[in-house]
Amino acid sequence: MLRRPKSGDSEADLLRAQEEFLTSGAQSAVRVVRRPDKRRGKLGVENQEPEAERNRRDVVTMSGLCGTDLSHQIPTLTPAPPKKSRFKDRVYFEDDDPEEQLDRHDMHVTTVLSRIIERDTSTVPVSLPAFTGAAFPKVFHRSEVEDMGQGPAPGARRSIFAQKIAAQRAREAGLSSNSGMECVQLHLQSGLHGAIPSPVVTMETRLPLSGSEGCAETEGSRLVSGQGLGQPDSATEALKIHQENQERLEGMSRAEILEEQKRLLAQLDPRLVDFIRSHKAKGSPVSVVPSLGGQIREQQDCCTPGRVEPEADPREPDQETPLMETEEDGPQPLPRPPITEQELPVKPRKEWLHMDNLETEKLEWLRDLPPPRRKGTKKAMQARFDFTGALIPPTENLPTHLGLHHHGEEPERAGYSLQELFHLSRSQVIQQRCLALTTLAGILAKAHAGDLASSLKGSVVSSMLDAGLLFLLRFSLDDSVEGVMAAATHALHALLVSPGDEEALDSTFSWFLGMATFPLLPTAQEEDDVEDEGLDVAMKETAKEKEERKSDHNVAREDVIKGLLRMKLLPRVRYILEVMRPPPRVVLDLLEVLTRIARHSSASATQVLDCPRLLETVLTEFLPCTWTPPTTTSPKHLHGLPVTEAVKLLRVLASAGRHACARLLNKMGVRERLVRVLALEPQELLLEPEEALRISTEALRLWAVVAAYGQASDLYRDLYPFLVKVLQSIPGEGAPRGSPRSLELHRALALLTMLTYVMHTAGCHQELQTGPESSQDSECPPPSPVEWCHVTGLQPSIVGWLKRCVKTLEDPAHIDSMVMLVSSQILYLGAFYSQLSTQSCFRPVECLQELESLTSEVLLPLLSHQAVRSLIDRLKSCSVLCNPQFCSLGIETVSSLPGRGCGSGSPSYRLAGPDSPLPLLTALCYLLHTASSIHRGLAQKFAPLLVSDALSGYLRACCQAMPTLSHSSAWLLRHEHHLLYLLLKLLIRLVPISSDVGKQASLYHEVTVAMLSWLLPGSEHLVYDLLATIVFNQDFIPEGCCGGPEAAQLSELQLQDSSSSAISPLGPLLHCACAQLPSLRACYLTHLAHLEPAVARSRDAYLGRTPYIRSWLLPELSGPVLPSDWPYLPLVSLYERMGVADKGSLLAESLPPASVRSAVHCLQWLLLLESWREGSLRTVPPAAKLARLSCLFLCSSDLFLERPVQQLGWALLRTLTRPSQLAVLDLDVPLPGLASFQDLYLALLSQFEAVSFGDPLFGCFLLLPLQRRFSATMRLAVFGEHVGLLRSLRVPLHQLPVPLENFTSPPEDSLPLLRLYFRSLVTGALCQVWCPVLYVVALAHLNSFIFSQDGVPQDVDTARRRLLRKTYYLTDDVLKGHLLLFKLPQQKSELGFETYDHLPPIRAQRLEAVVGAEEGNKVARD
């Protein structure tokens, strides 16, 4: 303990005591407080702490959350002001002139005096002090002067003495004023029974009292001072104006005054009226208070013989914050009189302190609230919510006992706005913070469910995130109060977790490859690497370094999950679970939050695994090996009990990768805990029945994920008796959803899924024993303990179970549950027969007999069943491909927090339910394809399924589909792609052998070609397989062998004239393309070689090679595997690999023969698609097609001169210039892979000048963008910078693929371009022999321009006259005649246009007006 100083201590003792005190760090007993200086205003020094003490504290502040006013937007981060150098003014240089330095720093008095400007005081009145008889002012005490109700102005600091002086002067001024004039207050806002309204909405007008003699008014106007009149007697003039106004008012009655006042208020600007009132209020020494109400009423009564009715203010402002839509309907409520003592709910007593004088304005909050004032739904208002997060309509009048009324903005409206909730969340009262966070959680839950989308403008979740919700919740999680922490956890759960998404994923887990999911990563946005421009690759920042350099706010704005991980959420969750041991609801919320984080990406799942003691706590507390059974149905704590959400978290973590799964099994002890749950029946787990079924189901799903990696196979042998027992105890009928029997159904589905993947693992045992097939498979583990003989014993039981379920389909009450069971059973049988055919013990005869028996007893009855027929009929209406709006209805999502959009009742949520047609039809196609690949004779029996009208209608709708890709649609699109793929694979065997199926081969081929641009990441195997088996299959292109080329050539002959039909006829080209289909397939597969690693990973998943599967988390959803213009891929890759256009120079002068063949094959395939599968290229804009075909001329200097390229190029150009294609050709739309089409066109111009040799095909590609309806920039480039190419652009008019009128109509309005036209004609750069097309174009536009008489600006008219005059004086008579006598463009004529024999009269008059009468008559005669 420190010793206090004593009187006898020396100075050394005092210094030593001071040093000991400072070293101990104890708090001083006395603090020095500096009083604020009254002359400097309020500084608030009393509440300020010393700077050093404030700097030592760790204070977390947040913009938008810690201020007094909550902002809805995150404030922009402005840089700090630049620091000023202390030595800037002291730096001198040797060559500086000393005199200039002295002048620069001279502070002589003349510098100051020279800036003095004298003020004009000629019009300022001079006021002399009042003369008194005393030598000095009279001294008075402040108690002698009353305040007269005049308090200090708001926001001003005045001493008591100054207030007394002001009151004294006001009293003296009041005594000296005219007693014959009185102040009469006219109310503009109505009151009840003479109530006094607020001074803000009143205006005072001086009227003479009744019976007065009309004394002159000596006091001037309060508003008009006379300043600015520019006269020496401005004050006198202002006084005269004021007196005239007073005289006019005296001659008017009160009714006339009120009528005129109302008219003036309606005409004046409301802001001007407010200014006048405020100016009057400042000058008025008397304020209206309720205590003076009786006196004012008396004055009004004596002034007028009758009482004047109060008038309503038509200018009442609307101060509603725009968020909800409402409208004003009906009159505004009248203001209420001040509260009286009788209206108080609690009567004041005399013994209460300071209650002798009631202040009514402070007691207004005690009275009842007025009813809501707004009605309707047109005007925007601020949204308000109740404590459950539900939106409160603005017209709803709720009772006050609900606690939804408060003293914020709009006290008459119930509910809390978002701004008020954010403000309340920072309250010092714990209950208020909990209430605010709980309400925010309810709002988030309803927003994710789509309940608020139709009532609010904008996104509620996005607004809350922009306001700093994420930081608010993260800071609230650190609160030491358990209630605040629990409320913050609930709000965080409502923000991140969507119950509909999780339920939908659980429902689709047992579908075909249903455990594979897309990571919930936000869509990557391209960032401009401005800082890395010009640096070497080694010096550029990596993506990880850029991510680390970002602030927490920027990271959270782009990705909410990354932002939370950046803010150390996982250690805090571990602390809450391990140390705070919260109640069950908080535990469940935190476990589901961890599950959502694990679904984000494999990196996030790894962070959950690596967080110290997090998973150890989850396993120890919520998945123990031993536990005490709970005594109640709702235990107070979940610690020490198995929790379903904990098992689900382990399943999602295991799905992130095989290494994560191995860590869970081997290092964290999940295997033993899994066996503990699986080895017992649900009723033996000492838990509630429903909870026991749920945890048993999740354990089976976790085992299915483990088996899908080929791991923990020994569990199958150890638990084989248990599995047999479970299969025997599964009920033969289903039950409605939500019942215990429904939980047993989900458990049976999870069991079948687990057995399916164990089957796949056992099927790979033989392959693993013989060794890996390639170097890629060298990292595979050793063979699993489960062999094929271990799994064949369950197949008869599954078949018998399937037969019983098919018979139960007749019961309408159980049809949904039976459909789910049948689909899982069929998937199991499909996996069994697909692996059976690869085993060494395979017996073909016995297998064929089994398949025939299965087909006759199960498959054919099932295909003809009404339940399956109804599923096929509903396929089109339930398709996400054909109905993309299903995944964009009402569900609110933000870009930084993507979700699957499965709100309760949404279409996508219903498509994942038991009534969805996808699972059973996909499973059927899988088994039928497998059976027909083993027993080829069975394929013919399945033909009736594929030729049904419902299925054909669905496929035709798919051909016209243009699906939209997002996280809310991708997970369902993937399952529909599986159905289409398996259906098409089944058709491969049926098209050659079934005539009915073969008739629709073109439809199947069109679906296949369109499907290639839909397939998502993770489906690379499907892309490769469809290209290799169907796309280039002659059986699916029947046009090539049944007169298709001849029909195409005939249709082309009907559309064009005889002169152009001789160029590369279409029929032989199509014949050659059909003969080269195998070469075309090899070409495209070669150009997709970069996808080989992804194809191998995808093939392992689709073929069930479980030991080779790396992860069940699919690649990031960045777009389809192939672009929509994939048929142009060989041509584009050839351009990127061999040549780069750069101002006419090329990296490759010529191409090798293999590259030429690749280009020819690409053109052949494009011609085949444009001729017979035009709909498959519907998603490619015509401008993109033109840009891709232009690569023919840019990738080398002689490729376009090859004869096959010429023939195919002309044919493709004709398809590109069809009327339907030309109508939608737009060169201004952004094209993928191009900055702009104009840049590409400039490269084409340079290449044409360099290597074209006047090639007509190349010239036609240059002429297409020069049509009149396109931008004039490209025409200016041709006639300006590249005018030299006009000598070689020798495209004849009969080879022009588009009508000539497209170039000449409408008339050109670009004056610079017209001048270039004229210059090129006059100088000879544009000649009819060299460039006939553009020669006609230039003549047509110039002729139309020089003879036009439309009203134009003066400069345009001057240019028009000048060009006409120059044309008249041309020395080239041929060109002169063409320009003056041009009539119409005529593509079939020899010149390309028609001319007049003589100049028409109207043109002669125009020419005469410009060049003179004599010359005009001469030209007309000639």
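Not measured: the values here are computed from a predicted model.
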Donor-acceptor side-chain pairing of T761 and T1106 below 3.5 angstrom: yes

Backbone N or O of H790 within a donor-acceptor pair of the Y716 side chain at under 3.5 Å? yes

Do any N or O atoms from the side chain of N666 and from the backbone of A662 form a donor-acceptor pair under 3.5 angstrom? yes

Do W703 and Y757 pass the ring pair (Phe, Tyr, Trp, His ring centres under 6.0 Å) test, and can you show the C-alpha distance, the side-chain angles, and the key distance before you say yes or no? CA-CA 10 Å; W703 190 6; Y757 285 104; over 10 Å; no

Where do D610 and R663 land on the side chain to side chain contact (heavy atoms under 4.5 Å, CB included) test, with the steps shown first? CA-CA 11 Å; D610 295 339; R663 287 180 59 184; 3.0 Å; yes

If you round to the nearest 0.5 Å, how far is CG of L723 from CD of Q728? 11.0 Å

Can a donor-acceptor pair be found, under 3.5 Å and without considering hydrogens, that links the side chain of H448 to the backbone of V461? no

Is the closest side-chain donor-acceptor distance between S601 and S604 under 3.5 Å? yes

Working to the nearest 0.5 angstrom, can you tell me the gap between L821 CG and T808 OG1? 9.5 Å

dist I443:CD1 -> L469:CG (nearest 0.5 Å) comes out at 10.0 Å

Just how far is it from atom CZ of R581 to atom NE2 of H637, taken to the nearest 0.5 Å? 8.0 Å

Closest non-hydrogen atom pair between W971 and A504, with its separation: CH2-CB, 3.7 Å

Applying salt bridge (charged side-chain N to carboxylate O under 4.0 Å, His left out), can you list everything that pairs with K807, at least two apart in sequence or on another chain? none

Which residues share a side-chain contact (heavy atoms from CB on, under 4.5 Å) with P917, sequence neighbours left out: L871, R874, L875, C878, L921

Applying salt bridge (charged side-chain N to carboxylate O under 4.0 Å, His left out) as the test, list every pair that has at least one member in residues 708-727; sequence neighbours left out. R671-D714

So, Y828 side chain and M759 main chain: donor-acceptor pair closer than 3.5 Å or not? no

Are the charged groups of R572 and E578 less than 4.0 angstrom apart, N to O? no

Output side-chain donor-acceptor pairs under 3.5 Å for residues 618-633, partner residues at least two apart or in another chain, one line each.
unit_1: T620; atom_1: OG1; unit_2: E616; atom_2: O; d: 2.7
unit_1: W627; atom_1: NE1; unit_2: L685; atom_2: O; d: 3.1
unit_1: T632; atom_1: OG1; unit_2: S634; atom_2: O; d: 3.3

With a cut-off of 3.5 Å and sequence neighbours excluded, list every side-chain donor-acceptor pair involving residues 485-499.
unit_1: T489; atom_1: OG1; unit_2: M485; atom_2: O; d: 2.8
unit_1: H490; atom_1: ND1; unit_2: R585; atom_2: NH2; d: 2.9
unit_1: H490; atom_1: NE2; unit_2: R585; atom_2: NH2; d: 2.3
unit_1: H493; atom_1: NE2; unit_2: E592; atom_2: OE1; d: 2.3

Verify, without hydrogens or angle tests, whether D501 (side chain) and R900 (backbone) share a donor-acceptor contact under 3.5 angstrom. yes

What pairs of residues pass the side chain to side chain donor-acceptor pair (under 3.5 Å) test when at least one of them lies in residues 638-657, not counting sequence neighbours? E502-K648, D506-K648, D506-R651, T644-E691, R651-E698

Would you compute the distance between atom CE of M820 and atom OG of S510 and round it to the nearest 0.5 angstrom? 7.5 Å

Between the side chains of R694 and E690, is the shortest nitrogen-to-carboxylate-oxygen separation below 4.0 Å, so that they form an ion pair? yes

Heavy-atom closest contact (L591 atom, A646 atom, distance): CD1-N, 3.9 Å

Using the ring centroid of each side chain, check whether Y416 and F385 are separated by less than 6.0 Å. no

Is it true that D478 and K568 have a side-chain N and a carboxylate O under 4.0 angstrom from each other? no

Side chain of R433, backbone of S425: donor and acceptor closer than 3.5 Å? no

Please answer whether the main-chain N or O of R658 pairs with a side-chain N or O of Q711 as donor and acceptor at a distance below 3.5 Å. yes

H975 and W511 aromatic ring geometry - parallel, tilted or perpendicular at 30°/60° bounds: perpendicular

Gap separating the CG atom of L520 from the CD1 atom of I597, nearest 0.5 angstrom: 12.0 Å

For L715, is there any backbone N or O sitting under 3.5 Å from a side-chain donor or acceptor partner on Y720? no

Please give me the minimum heavy-atom distance between Q825 and C805, naming the atom from each residue. NE2-SG, 3.4 Å

Just by modelled atom types, is the A912 backbone N or O under 3.5 Å from a matching donor or acceptor in the S916 side chain? no

